[in-house]
Amino acid sequence: MCGIVGYIGPRDAVPILLNGLRRLEYRGYDSAGIAVYTGPGEIQIRRNVGKLQGLVEAVEREPISGSPGIGHTRWATHGEPTVYNAHPHRSQSGRIVVVHNGIVENFLELKAELVAEGFTFRSETDTEVIVHLIERYLEGENLSLFEATRRALRHLKGSNAVVVMAAPEPDKLVTARLGNAGGITIGYGQGEMFIASDLPALLDHTREVAFLEPGQMAVVTRDGARLYTLDGEPVDFQVTTVPWDPVAAEKGEYRHFMLKEIHEQVRGLTDTIAGRVDVEQGRVRFLHLDISPQQARGIRKIFITACGTAYHAGLVGKTLLERLARIPVEVMVASEFRYADPLIGPDDVVLAISQSGETADTLAAMEEGRRKGATLWAIVNVIGSQAMRMADGYISMQVGPEISVASTKAYTAPLVDLYMLGLLLGELRGTLSAEQRRRLVDDLMHLPELVSEVLRREDDYAAVARQYVPIRNIFYLGRGIHMATAYEGALKLKEISYIHAEGYPAGEMKHGPIALLEPDFPVLALVPQDPWYEKMLSQVEQAKSRGAPVIALATDGDERVAELADHVLYIPPTPWLLAPVTAVVPLQIFAYVIATERGLDVDQPRNLAKSVTVE
Ligand code: M6R
């Protein structure tokens, strides 16, 4: 959470910082600010509460220009979203400024120490202790900015990322990463350098980047960067070229990123499959996940760990991997994983799923797996992210940047990755014959076409959604592989429309929740043709008999469902192992339409951020 940017070079930093923050606004939008070195010995700051546009207007009213500069878009943790809590934060002398992502866990203790030394705090944030600590060493002990920052950082507990700038040393920015609090990526230009929490802020300028690992810091000048450990030892590092196209991070003709990303699923799935399957042989191979038959046969259990939407993908993955490769799979929300003391050993695999690859809970779960000797695999979208680098092997999602806070294409891509992983493990473990594999691969090859057909029906789904705009509550019910679809459909609706939506295993309704049903409490039931079809039909009957309106998601031509339900969202016939992909798309559209009809900002819903890099 929180986005941080930095620029040093011959150009005016202001438009570069503002543009970078616009790209990172999905990480938090409670407030935004920039600090720029404006002339001999002077740093000026502009800050504003609310979205970035407010800051842009503040800068228009009171222009500044210069270089270097740093910027921040905030997702509040300590202290309300107010101007005085907005970053950048300034030291007492006014000569040092800092932007920060993460949580200083011992900030109360540090604050008390600094107050006793005579430092005055102007905000409620934990960040302010960092800038005062740096000042303690820079001004108090006459250390260089690098050395003062290094000494200051050694006091901090928790996961934190910072960029620091100081008026006495305007030829550099100092940046550091402690723990898993979001990434720091350094971008290489021609005679200019960039810093950002995430790639989208850099891609307009460069694709040559270096990633800071936890426990590293860097001194960035306009000619390059030098990396160090927190002990001040120089570190060797690599500059890599990232493949993403900057245009992919633009909204284009679409009204919202969410809608664009829903529509990108056809291309995303095509790219996800392409190059990985051999149709003739019924084989799957992943470039960065090399598994030997011996290793595959030796796996005792796979622990899938993830958060939010990625967790729901993991739930579908359990069915896929167990059915195809006959390996026991446990799925755990990452925030619980490390505290559960899971029974993992060297014969197990911990498989993390994460769009950002920076979610603090997921990274902590991976670390727990590492500590216990398990093999680490990851399914990740953001190239170069921490999860990708931590894993022993990974599958990249191939869907390009996902900007909208509500995850869509980064849900369907891992479903397909997990299906392909099931095929691969099924082959290596001998649980699938060549004939079965060829049929399963053939099914997969038709999937993008089916999703394309679903998207052609967007207007039909939207027309149904418009009838449910005023609702206050809704149940999403599913069974078997579609329990996860129900959870995911409900999450999409609640996070962008603020309607109370609950995903529930349909068979559990009769054990309590059915008491809630009444004529203004609709049910969205997932009733495609699959092994749970008959069971789901009786669940729909039960809901109807309690007076609840029913929206059913069903397979084309299903008359039985049409007779029972008030509205039907039809999807084309899809092999049931792949139906979570075609079934979720109408639910994404349903949520999107209700939220936009309610006039809400679907790309940046309240209280949320795209990357959750705090615990
Ligand atoms: O980047 P990650 O996939 O690790 O993020 C996990 C969740 O924070 C994320 O899926 C979240 O639930 C989305 N807002 C859902 O749309």
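First listed ligand is number 1; within each ligand, the first listed atom is number 1. Because the structure is predicted, anything quoted here is derived from the model rather than measured.
The closest protein non-hydrogen atom to atom 7 (C) of ligand 1 is Cys307 O, 3.6 Å. Ser356 OG, 2.7 Å is the protein heavy atom nearest to atom 1 (O) of ligand 1. Closest to atom 15 (C) of ligand 1 among all protein heavy atoms lies Thr309 OG1, 3.0 Å. Nearest protein neighbour of atom 14 (N) of ligand 1, counting heavy atoms only, is Glu495 OE1, 2.8 Å. At the top of the distance list for atom 13 (C) of ligand 1, counting protein heavy atoms only, stands Val405 O, 3.6 Å. In terms of protein heavy atoms, atom 3 (O) of ligand 1 is closest to Gln355 N, 2.6 Å.
Looking at ligand 1, you won't find any N or O of Gly308 less than 3.5 Å from one of its N or O atoms.
With hydrogens and angles disregarded, no donor-acceptor distance shorter than 3.5 Å links the side chain of Arg371 to the backbone of Gly373.
Using a 4.0 Å cut-off between heavy atoms, Lys492 contacts ligand 1 through its side chain alone, with no backbone atom that close.
Residues forming a side-chain contact (heavy atoms from CB on, under 4.5 Å) with Ala506 (at least two apart in sequence, or on another chain): Leu477, Arg479, Met536, Gln539.
Residue Arg370 qualifies as enclosed at atom CZ: its count of foreign heavy atoms under 6.0 Å is above 12.
Taking CZ from Arg23 and CG from Leu202, the interatomic distance works out to 11.0 Å, rounded to the nearest 0.5 Å.
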